Amino acid sequence: MKLNFFKCTIFTVCLIDVLMIYLTNQVTQSNLAIGSHVWVEDPEAAWIDGEVEEVNNEDIKINCTSGRTVVVKASNVYPKDPEFPSCGVDDMTRLAYLHEPGVLQNLRCRYDINEIYTYTGNILIAVNPFRRLPHLYDNHMMEQYKGAAIGELSPHPFAIADAAYRLMINEGISQSILVSGESGAGKTESTKMLMRYLAYMGGKAAADGRRSVEQQVLEVTNLFDVYSSEQMDVEKYKLGNPRTFHYLNQSNCYELDGVDDSKEYLATRRAMDGVGISSDEQDAIFRVVSAILHLGNVEFAKGKEIDSSEPKDDRSQFHLATAAELFMCDEKFLEDSLCKRVIVTRDETITKWIDPESAALSRDALAKTVYSRLVNKINNSIGQDPHSKKLIGVLDIYGFESFKTNSFEQFCINLTNEKLQQHFNQHVFKMEQEEYTKEEIDWSYIDFIDNQDVLDLLEKKPGGIIALLDEACMFPRSTNETFAQKLYQSFKDHKRFSKPKLSRSDFTICHYAGDVTYQTELFLEKNKDYVVAEHQALLSASKCPFVSGLFPPLAEESSKSSKFSSIGSRFKQQLQALLETLSATEPHYIRCVKPNNLLKPAIFENDNILQQLRCGGVMEAIRISCAGYPTRKTFDDFLCRFGILAPDVLNGSYDEVTACKMLLEKVNLKGYQIGKTKVFLRAGQMAELDGCRSEVLGRSASIIQRSVRSYLGRKTFILLRLSAIQIQALCRGQVARHWYDNMRREAASMRIQKHCRLYLARNAYKNLCSSAVSLQSGVRGMAARNELKFKKQTRAAIIIQSQCRRYLARLHYLRIKKAAVATQCAWRAKVARRELRKLKMAAKETGALQAAKNKLEKQVEELTWRLQLEKRMRADLEEAKTQENTKLQFALEEIQLQFQEAKTLLIEELEAAKKAAEQAPIVQEVPVIDHEIVNKLTAENEQLKALVNSLEKKIDETERKYEETNKISEERLKQALDAESKIIELKTSMQRLEEKLSNMETEDQVLRHQALSNSPVRKMSEHLAIPTPLENGHHEPQSAAPAKKFGTESFRKSQIERQHSQDNNDHMAYWLTNTSTLLLLLQRSLKASSGTAARKPPTPTSLFGRMTQGFRSSSANLSVGPIDIVRHVEAKYPALLFKEQLIAYVEKMYGIIRDNVKKDLSPLLSSCIQAPRMSRGSVLKSSGRSNSNSPQASPWHLIIDSLNRLLCTLKENFVPPVFVQKIFSQIFSYVNVQLFNSLLLRRECCTFSNGEYVKSGLAELELWCGQATEEILSVQQLYRICTLYWDDNYNTRSVSQDVISSMRILMTEDSDNDDGNSFLLDDNSSIPFSVDDVSGSLQEKHFTDVKPPAYLLENPAFQFLQD
């Protein structure tokens, strides 16, 4: 048993009592006043914040935010930062108060906004979100962290991996990354992210169908978890629910949302393929693991013999048989190896039974041995390259273990924790000293708790626990009780060792993370490193080569060797080798934290988090930091926060260092340090400064309140006086209005009486009139309804009579039709049966079959001739008919072949029947009849009958197809006769073909002439040079470099890429103009092809041969004019191929120009997101300098200059406007994407000043281009901006918490959509135009006035230009 058997576990943690002493000292130094915000302990939430209401010596009365009021001691109260940002800080060393509740608050705030990573110095804390966050791990995010220093961007495992990679490459030092945490904290996922980034930095892309290095590394990581999930084929290996297996149900089995076991199993198989494990070895591995699972379910009971054992029941027997089947060994041999022991003496061999408990131990020992050797074999197959000089080791480690029952495994794991806790403390202490040395401050030695005494207790020789355990194992009569008594006697006075009161064999060790009680019952058995001889012999004889390879035969010398070897000693040696490897590397730490035990998202358990932080070494790192100078502020931040304590130092007369010193001296602060870039404060000094700042702010608030109250009092008096005047005016107005209302009432009453009487008289008249009208309308309506009813009845009767007569006539017609059809069917059936009898009779005779064959062949030939005739008459349907006739001919040939085969089979069967008849008398002489032969012959006869029936059916089907084909042919013949009107078009096509034939002959003559005239084209090419564009269509020679060979071959070899640099936009723009113009001319010279265009084209001629053919035909048949200078020709294969090549060149040159511009703008955009810092500190620094450098050009001006140069280049080369528009549209989109993503990835850039700076730059760019675009942001992007944005001038938040909470709810509701969780924009690098866009945007050019150059006219290949 090796170190690999134990899952390698490393965890770090600090001593809680030392941390509490430090926190007490820090709080006692702080000033707690009424109104101060503090933290107090809470039994439910661990820590809760509140406000001080009363201070009475050591007792402080606090009003908590939960509504409770508590009274606590001053030593148990910790100050709270009132200016703590709502989204927390990236690095917890930047906290104003570095204590336990402050750390917890920071992690809680960042977890609520899905910021799961936080720094503590160079240590990364990762809180498991229990949800998919794909936008944090895509290729775009890896590209952002490439080359970025730690702290420059948001915390991320990519930053840790990049730092390790850069240190290894630049300084040549090997690196190590230690990832630790509890089960479910996300260690494996963090390890995968690290390995993915390292593979991305050091790997190569996939080529020739092979997987990339990144894919192979990620597939290897899948093997790390395969043996814990056990995803295998259930039926093949007789598996079931994991909870039914003893080795898997010792803890809870969780089913995670979004995790598919089948997909994980397929990923595991792909990973095995990726590391070179063959399919046979994979099956063998799964067989071994399945056998181990079944072996764990074997239980034992007492046997018939004394102290014997046997499988407990049928279930155990089934699992034992299954394990033997999977191991491919004998079941009885396996049972004996578990229930018996063979003792070899000098004279004889003795077989001894063992009891059920010993049999269970033997079963577990066998399982552990097989599993250990299996893991070793797989690890060796994917091991490290021994020739590598530098490495980056990624270690996925587990934490401290303390259970109800702690055995030898927990002892070894906790020993590993102790060793690496010491290594971690030394590393943190070293980083703290490097920080002080870098800032050049005076510092003294920082004392930290060392756990060397615990390590000496565990592993020191010769008196350590491991040494005593090895000594006890070497004595045969040693027991667990004697080993425990030896420990009690040896360490009775050791402060780290104690004996439980109610136990005789247990012992307790005080580890750095707490006390752990170990049970020594199985220490001796588990420490012995040997393989049972029966197990070795059993598996060595396995029929499975893989299993037998795990247990090779032992050498005779090794089998007889008596040298003792223990697990503890070997474990200690391997642990020492691991520490030596870590000491030779530069370590990096990632602490993974599980926020809750439910494994659910959006749940943050404070007590659980605090315990993991204490055990993870985070508090220890903070304690070491707080032992020196825990609070570190840059000069600018320090002056911005505490400048109000000494306003006179901010008048611009002092630099930053002097201003900070004067400010600290004014507040009479002692013990601080001034570094090169930061102010270092002792523990509690930050609270003292905040107290002074609160007093200044309180006095300022009193002055402001006094002024405000005076203003409000005067304002109230003026309002009262104005109100009195207005009330008097209103009262007088009310009296006048009341008198006027009385007068109006009297006049109104008179008018109301008049109108009322008029209304009553009018109503009486209207009622009488309406009654008369109602009576008249009722009588008239009744008469109209009666008339309408009579008309409807008459119409219905007519319709019924017509339908009835139609039904009787149709019924008579259908009966006659049915009788006629029945008569026809009967007659046709009679004729068909007659023909069928004739065919059956003909099928029995070879001559008749041959005649039918010849007849069918003649009919097929006649049909083929007719179809060929129709093919010549209808050229458009030629191929379709040919294919159809060919299929029919093939079908007839197949039927003929089947006829031949049937005839052959019939002849053979007749011969066989004759032979059988001849042999029949011989059979009759035998007294017993051979029924088998008779049955066989009967079956063969039945098969022959079935074959004849199938042939008859095929013949009928062939006749039916022939009749259908004959009908179709007749119909097509009629269509061909109707096509006589198209003879004129066919004649025209013939004339065109003749013209093309003559052109091809002329071209052949020209080519022969060129071959005989000593390469005139090469002479002509000597006069050609790369032209400099003056105007579209006119060029001047620029150099005397010879041109390449003309033709499509030059285009296939990409002449542009071979002759011109892709980084030169001038050359690319020139060729883009020429290629797009040529594409336009070719597009307009082609017309839609006819139905014959689908046929395979002839061998394509050269480019200039086709140009000669087109121009000559246009000159011979058309009159020369400004519009018809180029004749429209059919789109054939060479022209279409040439067109596709031109399109590809246009798109490629467009992409090269666009990417070159993006490459030039990329370094400038990184400087455009952050404004030049002109804060108070920078003003002080600039005022203290005597000489100042000249101001550098703004990045925005450089961007505008670059875009202006691009626009000038495109205009000089006459690039079509559609390309110019698309290029600049994509460039502006690229600028928006880069600026927006950079702001979201850098919190310090998401401020008011930087927003003004970016806005002014975009305004300049908008002023240059004359237009602006708008972007619609998603909920994730708006939430990210609102949580990051802050006003750097006043250090305040501008977005209310209600708005942020509402956006958080919306984002949580939309969290199921993984693709929508990304808050970054994507850059579109596609080709945004088509050929139709290009052809539609270019203006048509006329070339009638353009004279060809003299060197073209001299060339015989261009004689058509003179016609």
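Just so you know, these numbers use all the heavy atoms, side chains as well, and skip hydrogens, waters and symmetry mates. Since this is a predicted model, take the numbers as computed values, not measurements.
By the 30° and 60° cut-offs, the orientation of the rings of His156 relative to Tyr145 is tilted. Classified by interplanar angle (parallel below 30°, tilted 30° to 60°, perpendicular above 60°), the ring pair Phe424/Tyr589 is perpendicular.
A salt bridge between Lys678 and Asp637 is absent, with no side-chain N of the basic residue lying under 4.0 Å from a carboxylate O of the acidic one.
With rounding to the nearest 0.5 angstrom, the CD atom of Glu189 is 8.5 Å from the CG atom of Asn128. The NZ atom of Lys594 sits 6.0 Å away from the CG atom of Leu599 when rounded to the nearest 0.5 Å. Taking OG1 of Thr677 as the start and CD of Glu440 as the end, the distance is 10.0 Å to the nearest 0.5 Å.
Results of the side-chain contact (heavy atoms from CB on, under 4.5 Å) test with Arg110 over Val89, Ile125, Ile116, Asp90 single out Asp90 as the only residue that passes.
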Pair Asp607, Gln611 - check side-chain hydrogen bond (donor to acceptor under 3.5 Å, both in side chains), show working. CA-CA 6 Å; Asp607 292 332; Gln611 181 62 27; over 6 Å; no
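With Asp655 contributing its side chain and Thr658 its backbone, the two residues share a donor-acceptor pair below 3.5 Å.
Residues Gln421 and Asn417 bring no donor and acceptor atom of their side chains to less than 3.5 Å of each other.
A search for side chain to side chain contact (heavy atoms under 4.5 Å, CB included) contacts involving Asp81 returns Glu83, Phe84, Ala96, Tyr97, Arg641, not counting sequence neighbours.
Across all non-hydrogen atoms, the minimal contact from Ala159 to Ile150 is O-CG1, 4.0 Å. Considering every non-hydrogen atom in both Cys109 and Cys87, the closest pair reads CB-C, 4.4 Å.
Under the 4.5 Å side-chain criterion, counting only non-hydrogen atoms from C-beta, Ile48 is in contact with Val40.
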